[in-house]
Visitor: 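Take this structure first; my questions come after.
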2 protein chains.
Amino acid sequence: MLARVSSTPSFKRLPRAVREQQMLDAAVKVFSRRGFHAASMDEIAEDAGISKPMVYAYLGTKEELFIACLHRETARMMLAIAGAAAPDLPADQRLWRGLRAFFGFVGAHRDGWAVLYRQARGSQPFAAELAAMRARLVEVVAGMLDHALRARGREVAGTELEVVAYALVGASESLADWLADHPEAEPEKTATRMMNVAWLGAAQLLDGVTWRPPVD
Amino acid sequence: MLARVSSTPSFKRLPRAVREQQMLDAAVKVFSRRGFHAASMDEIAEDAGISKPMVYAYLGTKEELFIACLHRETARMMLAIAGAAAPDLPADQRLWRGLRAFFGFVGAHRDGWAVLYRQARGSQPFAAELAAMRARLVEVVAGMLDHALRARGREVAGTELEVVAYALVGASESLADWLADHPEAEPEKTATRMMNVAWLGAAQLLDGVTWRPPVD
DNA sequence: AAGCATACCTACTCGTGCGTAAGGTTACGC
DNA sequence: GCGTAACCTTACGCACGAGTAGGTATGCTT
């Protein structure tokens with residue numbers, strides 16, 4: 001209705017791609033601090049140095065915005081991991097490199113990643129997104145285990161492997177949560193601990209050692 | 001303002017304690033299905049077969065209601081676990097019994113527990129509640145490990161144990177999530193798988209076998 | 001049978017925040 | 001130097017849902 005008095009020369013006009021990144025940065029920040037529901041589009045817009053309708057014009061509704069955040073962050077993380085765990089390394093080396101990259105990433109994006117991630121686990125609409133990316137991770141880990149097994153001339157049912165992989169991924173996520181809550185903790189050390197829990201067990205499984213429930 | 005025409009004989013008047021349980025049942029159900037924010041007090045009240053002001057009168061605000069749900073469910077779970085894992089058993093037996101009880105509980109309360117639990121991880125106000133109860137679990141597990149270590153004449157720094165315990169608890173939580181999402185999966189089998197991942201590794205740690213990062 | 005506490009209801013208020021309509025301003029091609 | 005398209009704004013509509021005011025029924029006690 002009322003035009004802004006053209007005293008402020010308004011801020012720089014920037015190309016869409018740049019603004020989108022600024023918005024995503026702001027969104028990640030605010031979603032992390034407040035949680036999905038407590039975060040307001042107004043605050044995100046303000047934090048991005050832009051007005052609300054721009055956010056709607058570029059990134060869509062609040063849900064779509066959150067999903068866009070998730071996508072960007074997961075893509076960055078997968079890239080970091082994939083870049084570190086070259087497929088031609090032996091299994092334990094791959095696992096180690098992958099874990100180190102993973103915890104390194106989380107450590108460097110404490111409020112960015114971990115909190116965003118925790119948000120997504122809860123609410124319906126995002127669970128699917130998250131499940132998809134976890135599935136990719138599980139697949140990678142399961143593939144690693146399978147590869148190692150074949151190298152030893154052994155074989156295990158697919159489901160079995162998948163569940164073990166799921167447990168490993170889950171343990172890593174939990175330690176990542178722990179890491180995000182302990183600012184003084186070192187990512188590298190956390191990765192080492194994870195190896196101690198995961199690999200010692202997994203290695204035995206790979207060698208055919210299994211635990212069977214007692215008959216009671 | 002306007003009185004209800006006294007045609008319906010209204011429903012049975014029940015003592016407070018009974019109504020409270022009905023309300024909590026309904027709340028758990030609705031919170032699970034919808035998530036904390038999407039759940040409405042109206043729906044909870046309706047599902048409990050009561051009107052909204054009663055819920056406020058008995059259980060307080062929405063947040064307080066959710067926390068009441070958390071308390072009841074965690075108390076039930078801790079009871080189930082503590083009852084199963086008698087402290088005089090050897091470590092592997094205790095772990096096995098405890099895990100079996102845990103997964104049994106989750107399997108029996110799929111939508112009750114697991115989803116409620118997932119909710120709580122996200123939002124600020126409940127994270128504390130949840131952290132407290134996880135801390136108790138971690139403490140129990142760490143105590144078990146410590147006990148087993150002393151029995152073998154060895155000793156490890158407290159933090160180290162805590163982190164390992166945290167990883168084990170985390171892996172269990174993740175498998176619980178998996179279980180909750182797979183209606184056809186058997187709790188007992190899941191517990192066995194968890195033992196295979198966790199115990200084989202933990203047992204080696206207890207025996208002093210550790211993994212060290214390569215120098216690259 | 002009056003008294004009183006407890007159980008229970010309908011029908012509101014009101015803040016909050018998503019999403020949008022409608023219009024102003026700058027850059028860039030020609 | 002002028003149109004046009006992309007960029008950006010203020011200011012609002014509107015739904016939804018938490019929490020409450022105020023009144024009614026029921027049963028236990030004396």
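Letters go in sequence order (proteins before strands), and every chain restarts at 1.
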Visitor: Tell me which pairs pass side-chain hydrogen bond (donor to acceptor under 3.5 Å, both in side chains) where either residue lies in residues 48-70 of chain B, with sequence neighbours left out.
Guide: none

Visitor: K29(B): what forms a salt bridge (Lys or Arg N to Asp or Glu O under 4.0 Å) with it, not counting sequence neighbours?
Guide: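 In terms of salt bridge (Lys or Arg N to Asp or Glu O under 4.0 Å), with neighbours along the sequence ignored, K29(B) is linked to D47(B).
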
Visitor: Which residues pass the salt bridge (Lys or Arg N to Asp or Glu O under 4.0 Å) test with D92(A), sequence neighbours left out?
Guide: none

Visitor: Just grab all the side-chain hydrogen bond (donor to acceptor under 3.5 Å, both in side chains) pairs involving residues 33-45 of chain A, residues at least two apart or on different chains.
Guide: R34(A)-E43(A)

Visitor: I need the full list of salt bridge (Lys or Arg N to Asp or Glu O under 4.0 Å) pairs touching residues 123-137 of chain B, with sequence neighbours left out, sorted by first then second residue.
Guide: R134(B)-E173(B)

Visitor: Under 3.5 Å, which donor-acceptor pairs do the side chains of residues 78-89 of chain B form with other protein atoms, sequence neighbours left out?
Guide:
none

Visitor: Could you state the atom-to-atom distance from OH of Y58(A) to C1' of dC8(D) in whole Å?
Guide: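 For the pair Y58(A) OH and dC8(D) C1', the rounded distance is 8 Å.
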
Visitor: Polar atom pairs between nucleotides 27-30 of chain D and protein, under 3.5 Å, N or O only, would you list them?
Guide:
none

Visitor: OP1 or OP2 of dC8(D) versus the side-chain N and O atoms of R19(A): is any pair under 4.0 Å?
Guide: yes

Visitor: Given atom CD1 of I50(A) and atom C1' of dC8(D), what is their separation to the nearest angstrom?
Guide: 7 Å

Visitor: Distance check needed: dT26(C) C1' versus M54(A) CE, whole Å only.
Guide: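 About 13 Å, once rounded to whole Å.
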
Visitor: Take atom CG of L59(A) and atom P of dG19(C), then tell me their distance rounded to the nearest Å.
Guide: 13 Å

Visitor: So does Q22(B) have more than 12 non-hydrogen atoms from other groups sitting under 6.0 Å from CD?
Guide: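 Counting other residues, nucleotides and ligands, CD of Q22(B) exceeds 12 neighbours.
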
Visitor: Please list each protein N or O that sits under 3.5 Å from an N or O in nucleotides 16-20 of chain D, with the distance.
Guide:
unit_1	atom_1	unit_2	atom_2	d
dA18(D)	OP1	A39(B)	O	3.2
dA18(D)	OP1	K62(B)	NZ	3.0
dA18(D)	OP2	M41(B)	N	2.9
dA18(D)	N7	K52(B)	NZ	3.4
dG19(D)	OP2	Y56(B)	OH	3.3
dG19(D)	OP2	K62(B)	N	3.0
dG19(D)	N7	K52(B)	NZ	2.9
dG19(D)	O6	K52(B)	NZ	2.7

Visitor: Apply ring pair (Phe, Tyr, Trp, His ring centres under 6.0 Å) to H182(B) and list each qualifying residue two or more places apart in sequence or on a separate chain.
Guide: W178(B)

